[in-house]
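Heads up, the thing below is written out as structure tokens.
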Amino acid sequence: MSPRPGVPTKLIRPLNRAFFARDPRRVARELLGKVLVRAAEPGGAQESGTPGKTRLTARIVEVEAYLGERDPAAHSYAGRTARNAVLFGPPGHAYVYFIYGNHYCLNVSCEPDGVAGGVLFRALEPTEGIEEMARNRGVELDGKKELQKKFCAQLTSGPGRLCEAFDVTRARDNGGDLTSSAGSLWIGDDGYHARGIRLTPRIGITKAVDRPLRYILSGSPCVSGPKKLAG
DNA sequence: ATATCGATTATCT
DNA sequence: GATAATCGATATG
């Protein structure tokens with residue numbers, strides 16, 4: 001595919017369902033370096049100069065694998081319920097849950113239909129639509145480069161933060177298909193080659209705390225958690 | 001740099 | 001009634 005004037009050279013192609021129909025550990029590792037996309041919304045507000053919403057994209061730099069019914073830390077451990085049903089359904093769909101009365105978290109379902117498993121998105125590196133992410137997060141972007149870097153991390157570093165930046169909610173996104181670029185939220189590959197993958201224990205859990213199921217791109221300024229585990 | 005704590009609600013026991 | 005795959009603010013070394 002040859003580049004044309006006015007067309008971005010880095011095409012983002014959606015990952016297919018087979019990508020997700022595997023062990024969450026494999027999916028987690030291979031998701032590093034891929035891109036989360038929130039499609040632009042047509043229209044926007046006609047009133048009062050509110051700009052139409054632009055596309056949001058960010059590179060995946062930190063994820064955790066949750067292994068299904070055999071993993072005590074996973075929501076699917078106790079079996080299928082109304083809340084976790086997506087984790088038991090077909091692969092490549094969004095499992096969004098509400099936590100601590102404040103935050104949403106985004107997962108993608110893995111394993112074939114009928115088998116539980118998922119990957120939690122923990123941190124992203126913003127690439128397109130940074131200003132809108134800042135608006136969604138309620139943070140001020142000022143011009144200084146040092147701060148830009150910090151704010152950049154502040155936008156999408158942590159599972160609750162990235163959901164706020166991408167306006168991910170349960171009502172809107174739970175159960176949605178993440179393998180179609182026609183959808184509002186999807187996951188794609190722009191050809192980036194991930195380097196420096198490290199494994200650490202997962203964060204914020206009280207069971208199976210020692211299993212190394214957190215995957216990070218070491219060196220990314222956006223990786224969440226204590227510096228000790230930043231890679 | 002690390003520790004502790006309050007917020008706030010869906011879900012399950 | 002307790003807990004939770006978190007965040008932001010505050011306190012302390």
Side-chain angles (χ1 to χ4, degrees), chain A residues 20 23-25 27-29 31-32 36 58 60-89 93-111 116-124 126 133-141 146-147 149-175 178 187 198-216 221-231:
Chain A
F20 298 101
D23 187 298
R25 288 167 289 198
V27 176
R29 176 182 293 274
L31 274 177
L32 292 177
L36 183 67
I60 298 165
V61 298
E62 176 182 352
V63 292
E64 285 176 359
Y66 286 87
L67 303 186
E69 294 183 274
R70 296 186 310 282
D71 179 359
H75 285 183
S76 45
Y77 184 56
R80 184 183 198 131
T81 67
R83 177 175 69 151
N84 66 22
V86 175
L87 291 174
F88 289 80
H93 288 255
Y95 169 52
V96 180
Y97 65 92
F98 192 58
I99 191 68
Y100 295 116
N102 293 316
H103 307 290
Y104 292 100
C105 292
L106 171 67
N107 299 248
V108 58
S109 59
C110 300
E111 303 279 14
V119 171
L120 169 70
F121 291 81
R122 286 199 56 92
L124 312 170
M133 293 184 207
R135 277 199 299 278
N136 290 342
R137 289 273 297 125
V139 310
E140 288 286 328
L141 284 179
E146 284 292 315
L147 291 177
K149 216 173 187 181
K150 264 190 180 172
F151 279 129
C152 182
Q154 214 177 92
L155 297 177
T156 51
S157 176
R161 288 172 180 166
L162 72 87
C163 281
E164 196 172 24
F166 272 67
D167 193 22
V168 170
T169 64
R170 194 165 95 148
R172 183 182 186 189
D173 296 303
N174 189 49
L178 300 178
I187 305 167
R198 307 264 291 248
L199 273 67
T200 81
R202 293 173 291 187
I203 291 180
I205 56 173
T206 58
K207 294 164 230 165
V209 294
D210 290 330
R211 304 193 64 176
L213 294 173
R214 173 173 173 259
Y215 297 74
I216 64 178
C222 296
V223 167
S224 76
K227 196 176 179 185
K228 182 179 181 179
L229 294 178

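Where K207(A) and G158(A) each meet DNA chain C at their nearest nucleotide, the meeting point lying more 5' is that of K207(A). The nearest heavy atom of DNA chain B to T81(A) and to P226(A) marks one nucleotide each, and the one closer to the 5' end goes with P226(A). Residue-to-nucleotide proximity on DNA chain C shows that, of V119(A) and R161(A), the 5′-proximal contact is made by V119(A).
Annotation: the span from L124(A) atom CG to S224(A) atom OG amounts to 10.0 Å, rounded to 0.5 Å.
Among the atoms of the strands shown, base atoms are found under 4.0 Å from some heavy atom of G101(A). Residue R202(A) is out of contact with every strand shown, counting any heavy-atom pair closer than 4.0 Å. Backbone-only engagement by R137(A) is indicated by non-hydrogen atom pairs under 4.0 Å involving sugar-phosphate atoms exclusively. Residue L120(A) is in base contact, counting any heavy-atom pair closer than 4.0 Å across all strands shown.
The closest side-chain heavy-atom distance from Y215(A) to R25(A) is below 4.5 Å. At least one side-chain heavy atom of V63(A) sits under 4.5 Å from a side-chain heavy atom of L32(A).
Distances shown here put every side-chain N or O of T206(A) at or beyond 4.0 Å from the OP1 or OP2 atom of dT3(C). Between R170(A) and the phosphate of dA10(B), there is no side-chain N or O to OP1/OP2 separation shorter than 4.0 Å.
Side-chain to base pairing of Y100(A) with dA7(B): no donor and acceptor N or O lie closer than 3.5 Å to each other.
Here Y66(A) packs flat against the base of dA5(C); its ring centre is closer than 5.5 angstrom to the base's six-membered ring, tilted by less than 30 degrees.
Side-chain atoms of R122(A) do not come within 3.5 Å of backbone N or O of R202(A) as any donor-acceptor pair. Looking at S157(A), its side chain does come within 3.5 Å of a backbone N or O of C222(A) through a donor-acceptor pair.
Atom pair R80(A):CZ and dC12(B):P shows a separation of 13 Å (rounding to whole Å applied). For Y95(A) and dA10(B), the OH to C1' distance is 10 Å, given to the nearest whole Å. Atoms OH (Y104(A)) and P (dT11(B)) sit 10 Å apart, rounded to a whole Å. Per the geometry, CZ belonging to R83(A) stands 16 Å off P belonging to dT9(B), to the nearest Å. If you take CD of E164(A) and P of dC7(C), they are 10 Å apart, rounded to a whole angstrom. A straight line from CD of E62(A) to P of dT6(C) spans 10 Å, rounded to a whole angstrom. Counting to the nearest Å, the P atom of dT2(B) and the CD1 atom of I203(A) are 13 Å from each other. The distance from atom CG of N84(A) to atom C1' of dA10(B) is 13 Å, rounded to the nearest whole Å.
Pair check for dT10(C) finds dA3(B); Watson-Crick or G-U wobble, both atom distances under 3.5 Å. Using N1 to N3 plus N6-O4 or O6-N4 for Watson-Crick, or N1-O2 and O6-N3 for G-U wobble, each under 3.5 Å, dT8(B) pairs with nothing.
Under the ring-ring contact (aromatic ring centres under 6.0 Å, His included) rule, Y104(A) has a single partner from F98(A), Y97(A), Y95(A), which is F98(A).
Here the nucleotide nearest the side chain of H75(A), chosen from dC12(B), dA7(B), dA5(C), is dA5(C). Minimum atom distance to the side chain of H103(A) is reached by dT6(C), of the listed dA5(C), dT11(B), dT6(C). The listed nucleotides are dA10(B), dT11(B), dT6(C); the one nearest the side chain of N102(A) is dT6(C).
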